[in-house]
Each structure stands twice: as structure tokens, then as C-alpha cells.
Amino acid sequence: MEKQKDKKDFFLRVLELVKKIPYGYVTTYGSIAQCLGLKSSARMVGWALNSAAADYSIPCHRVVNRNGELTGKQYFATPEMMRELLESEGITFKGDQVNMQSHFTDAALFL
DNA sequence: CCGCTGACCCTAG
DNA sequence: ACTAGGGCCAGCG
């Protein structure tokens, strides 16, 4: 854990954590930001994913906001894709929001 | 070089 | 219970 490559961009650390999100689980930007040491920089998490949006190796669809809403769906190939991917993984929805009480998990548990 | 924007979250009135 | 504002870090014009 220590001796981590601090030289690595924050953006890469986010991707590493997001890639560790297991199947059928969802986390929030805030949890990821806290895991990286950034308490209130959840915005940067979105920025990092934005750069990685083109990378299909990263399940960015499993990352939602505190409200359980799919904020970044617009940045996907198609806005419907995010919902389809989550439903495909067994994630349930509450209207247009993800059922957090059933699938929300702290990003720290993936570390 | 300086300033703005951004897939957010929290505290206060 | 709701609305408004501030804060945070990094990339880009």
C-alpha cells in the first residue's frame, strides 16, 4: 500500500479503484474521492472518468452520485446504455435512480 | 500567465 | 422540509 507511485496521476488512481468494483455493486463519487484522500473533490472523480469514458475496461456505469442518479449517463455512448448495463448486472432501479439501499457499497470495501 | 470549468458533496439560513 | 452557497483539485483556453 505504502510506497505507492505518488507520481501517478490522480486520474489513474480513480480508474484503479473503479476497476475493482465487483459485479452487481455500485458506489458513489464521494466514496471514491475519500478513499483517495480527497474529501470533497468528488468532482475530480467525474473528470477522471470522463477521460476514461472511452475506456470500456472501466465500469464507470457502476459509479453514481449520492442521490443514486446516473449523472454521467450523458457521457456514455448512449444515455440508455448506462441503465441497460446496470440492469444487466442485476441492479434494480427506483424510477430513474438506482436502488442504493440494495446495491450501494462503500468504495473502501473494494480496496 | 491567469482564470474558468467540471459525471459532486456538505453546511447554513 | 426546501433553497442557496461554498469548497475541493486538476486540466485546458
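Treat the numbers as computed from the prediction; the structure is a model and nothing was measured. Proteins get letters first, then strands, A, B, ... in listed order; numbering begins at 1 in each.
- Inter-residue side-chain proximity for A:Phe93 and A:Leu70 is flagged as met; some heavy-atom pair is nearer than 4.5 Å.
- Among pairs with a residue in residues 52-71 of chain A, those fulfilling salt bridge (Lys or Arg N to Asp or Glu O under 4.0 Å) read A:Arg62-A:Glu89, at least two apart in sequence or across chains.
- Contact check of residues 52-65 of chain A against DNA chain B (heavy atom, cut-off under 4.0 Å) returns A:Ala53, A:Cys60, A:Asn65.
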Walk me through whether A:Gln101 and A:Asn99 qualify under side-chain contact (heavy atoms from CB on, under 4.5 Å).
CA-CA 6 Å; A:Gln101 74 175 1; A:Asn99 194 346; 3.0 Å; yes
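- Closest approach of A:Gly72 to A:Tyr29, counting heavy atoms only: N-OH, 4.2 Å.
- Within the 4.5 Å cutoff, the side chain of A:Val64 has heavy atoms near those of the A:Met100 side chain.
- For the pair A:Leu36 CG and B:dC9 P, the computed distance is 14 Å after rounding to whole Å.
- Contacts of residues 84-106 of chain A with DNA chain C (heavy atom under 4.0 Å): none.
- Residues A:Phe104 and A:Thr28 share a closest heavy-atom pair of CE1-CG2, 3.3 Å.
- In the hydrophobic cluster analysis, where Ile, Leu, Val, Met, Phe, Trp and Tyr join through side-chain heavy atoms closer than 4.5 angstrom, A:Ile58 is grouped together with A:Leu111.
- Here CG of A:Leu15 is found 9.5 Å from CZ of A:Phe10. Values are rounded to the nearest 0.5 Å.
- Protein atom CG of A:Asn50 is 14 Å distant from nucleotide atom C1' of B:dC8, rounded to whole Å.
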If you look only at distance, which donor and acceptor atoms sit under 3.5 Å apart when one is on a side chain in residues 16-24 of chain A and the other is two or more places apart or in another chain?
residue : atom : partner : partner atom : Å
A:Tyr23 : OH   : A:Ser88 : O            : 3.1

Which parts of nucleotides 7-13 of chain C does protein reach within less than 4.0 Å, heavy atoms only, written one letter per nucleotide 5' to 3' as B for base, S for sugar-phosphate only and - for none?
BBBSS--
Show which side-chain atoms of residues 35-47 of chain A pair as donor or acceptor with protein atoms under 3.5 Å away, not counting sequence neighbours.
none

